[in-house]
> 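Could you have a look at this structure, given as structure tokens, before my questions?
We count ligands from 1, going down the list as the structure has it; atoms in each ligand are counted the same way. Computed over heavy atoms, backbone and side chain alike; hydrogens, waters and symmetry mates excluded. Given the structure is predicted, the values throughout are model-derived calculations rather than measurements.
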Amino acid sequence: MKIDPVTVTLKNNVTVTIRAAVKADAAGMLDAGWRYLQESPHFITTVNEFNFTKPQEQAWIRSLNESDNSLLLVALYNNKIIGNIQLRGEPRSKIRHNALLGIAIRKQWQAIGLGTALMHTAINWARTKGALKTIWLHVHATNEHAIALYRKMGFREAGRQPYYIKEPDGRFTDNLLMGLLLE
Ligand SMILES: CC(C)(COP(=O)(O)OP(=O)(O)OC[C@H]1O[C@@H](n2cnc3c(N)ncnc32)[C@H](O)[C@@H]1OP(=O)(O)O)[C@@H](O)C(=O)NCCC(=O)NCCS
């Protein structure tokens with residue numbers, strides 16, 4: 001286990017657990033992943049493109065767990081995955097001090113502090129572990145809620161890709177690159 005399990009009481013007074021993902025989470029992660037995509041327009045992957053198999057998901061969990069600059073955490077309520085966060089560390093030697101962050105939370109668990117708790121836990125791990133210098137993330141420029149969370153956690157805008165995302169209705173959305181320097 002990369003971190004000891006943490007319990008967090010959210011703004012609705014419900015206590016949830018945050019822990020490192022294990023191989024046995026693969027089915028729950030796939031189920032949650034499919035639901036995140038149904039519930040939010042702010043992902044690049046579309047529902048139709050989310051077709052990973054359980055062995056592929058198990059391999060992905062293992063690869064993050066075996067990599068010393070990567071982390072995969074799940075948030076659980078009643079043993080069900082309600083959110084997750086990952087830091088995917090770069091494997092090549094010249095850039096392995098960088099990781100790409102991804103986060104998602106089930107709709108009914110949004111806006112009550114879980115994103116903040118997951119980010120705190122992941123960033124604390126990165127600071128303590130010391131393998132990373134910078135955490136990066138991509139976010140739709142229209143995703144005000146996520147951007148508010150990232151700014152609150154200290155991330156700053158580092159770049160903007162105009163027209164990067166083409167929405168299903170044909171409109172274009174800019175992509176933001178944000179970064180956090182761990183020092
Ligand atoms: C974006 C996301 C990760 C944020 O997590 P969360 O648990 O909902 O966020 P929190 O409750 O911790 O709130 C974080 C900050 O966001 C802001 N915020 C909260 N609710 C908000 C809302 N409804 N609209 C806009 N901003 C909001 C506040 O600044 C809040 O900080 P505060 O609690 O100190 O006031 C989560 O909502 C989510 O998974 N959304 C769908 C998928 C997604 O957008 N993922 C990110 C892709 S880059």
> Do Asn69 and Ser67 meet the criterion of a side-chain donor-acceptor pair at a distance under 3.5 Å?
yes
> Specify the closest pair of heavy atoms between Leu30 and Phe50, including all atoms of both residues, with the distance to one decimal.
O-CE2, 3.4 Å
> Please confirm whether Lys11 approaches ligand 1 to less than 4.0 Å, judged on its heavy atoms.
yes
> Looking only at protein heavy atoms, identify the closest one to atom 42 (C) of ligand 1 and say how far it is in Å.
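Ranking protein heavy atoms by distance from atom 42 (C) of ligand 1, first comes Phe43 CZ, 3.3 Å.
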> At a 4.0 Å cut-off, with the gap strictly under it, does some heavy atom of Arg106 reach an atom of ligand 1?
no
> Going by the order shown, which atoms of ligand 1 are within less than 4.0 Å of some heavy atom of Gly113?
10 (P), 11 (O), 12 (O)
> Atom 22 (C) of ligand 1: which protein heavy atom is closest, and how many Å away?
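Result: His145 ND1, 3.7 Å.
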> Could you tell me whether Ser40 approaches ligand 1 through its side chain, its backbone, both or neither, with non-hydrogen atoms closer than 4.0 Å?
side chain
> When you measure from atom 12 (O) of ligand 1 to every protein heavy atom, which one gives the shortest distance, and what is it?
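Ranking protein heavy atoms by distance from atom 12 (O) of ligand 1, first comes Thr116 OG1, 2.6 Å.
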> Return yes if some donor-acceptor pair links the side-chain N/O of Glu39 with the main-chain N/O of Lys107 below 3.5 Å, else return no.
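A pair under 3.5 Å: yes.
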> To the closest 0.5 Å, what do you measure between CG (Leu37) and CD1 (Ile44)?
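Going from the CG atom of Leu37 to the CD1 atom of Ile44 covers 11.5 Å.
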> Give the residue, atom name and distance (to 0.1 Å) of the protein heavy atom nearest atom 39 (O) of ligand 1.
Ile105 N, 2.8 Å
> Going by atom types only, do Lys152 and Thr116 share a side-chain donor-acceptor pair under 3.5 Å?
yes
> I'd like to check which ligand 1 atoms, numbered from 1 as shown, lie under 4.0 Å from a non-hydrogen atom of His138.
48 (S)
> Under 4.0 Å from a heavy atom of Ala148: give me the atoms of ligand 1 that qualify, with their elements.
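That gives atoms 16 (O), 17 (C), 29 (O) of ligand 1.
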> What is the nearest protein non-hydrogen atom to atom 44 (O) of ligand 1, stated with its residue, atom name and distance?
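Protein heavy atom with the smallest distance to atom 44 (O) of ligand 1: Asn143 ND2, 2.8 Å.
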> Establish, from distance only, whether the side-chain atoms of Thr173 and Glu167 form a donor-acceptor pair under 3.5 Å.
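A donor-acceptor contact under 3.5 Å links the two side chains.
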> Examine the proximity of ligand 1 to Lys152 and report which part, side chain or backbone, both or neither, has a heavy atom under 4.0 Å away.
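Within the 4.0 Å criterion, Lys152 contacts ligand 1 through side-chain atoms alone.
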> Just to confirm my output: which protein heavy-atom neighbour is closest to atom 38 (C) of ligand 1, and how far is it?
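Scanning the protein heavy atoms, the shortest distance from atom 38 (C) of ligand 1 goes to Gln110 NE2, 3.7 Å.
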> What atoms of ligand 1 come within less than 4.0 Å of a heavy atom belonging to Tyr150?
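Listed by number with element: 46 (C), 47 (C), 48 (S).
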> Under a 4.0 Å threshold between the charged nitrogen and the carboxylate oxygen, would Asp25 count as salt-bridged to Arg19?
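So Arg19 pairs with Asp25 through a salt bridge.
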> Heavy-atom contacts under 4.0 Å between Leu118 and ligand 1: side chain, backbone, both, or neither?
neither
> Could you tell me which atoms of ligand 1, counted from 1 in the order shown, lie closer than 4.0 angstrom to a heavy atom of His42?
44 (O), 47 (C)
> Within the supplied structure, the quantity of interest is the number of heavy atoms (other residues, nucleotides, ligands) at a distance under 6.0 Å from Glu144 CD; does it exceed 12?
no
> Non-hydrogen atoms of Tyr36 versus ligand 1: any pair closer than 4.0 Å?
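Contact check Tyr36 vs ligand 1: negative.
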> At a 4.0 Å threshold, what atoms of ligand 1 neighbour a non-hydrogen atom of Ala104?
39 (O)
> Run Tyr77 and Trp109 through ring pair (Phe, Tyr, Trp, His ring centres under 6.0 Å) and show every step you take.
CA-CA 10 Å; Tyr77 178 70; Trp109 292 91; 5.0 Å; yes
> Under a 4.0 Å N-O cut-off, is there an ion pair linking Asp68 with Arg96?
yes
> Among all protein non-hydrogen atoms, which one is nearest to atom 45 (N) of ligand 1, and what is the separation to 0.1 Å?
Ile103 O, 3.2 Å
> Looking at non-hydrogen atoms alone, which of Ala111, Ala117, Gly115 comes nearest to atom 8 (O) of ligand 1?
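That would be Ala111.
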> Once rounded to the nearest 0.5 Å, what's the spacing between atom NE2 of His120 and atom CD1 of Ile85?
11.0 Å
> Could you verify whether a donor N or O on one side chain and an acceptor N or O on the other, from Tyr36 and Asn84, lie under 3.5 Å apart?
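Yes, a side-chain donor-acceptor pair sits under 3.5 Å.
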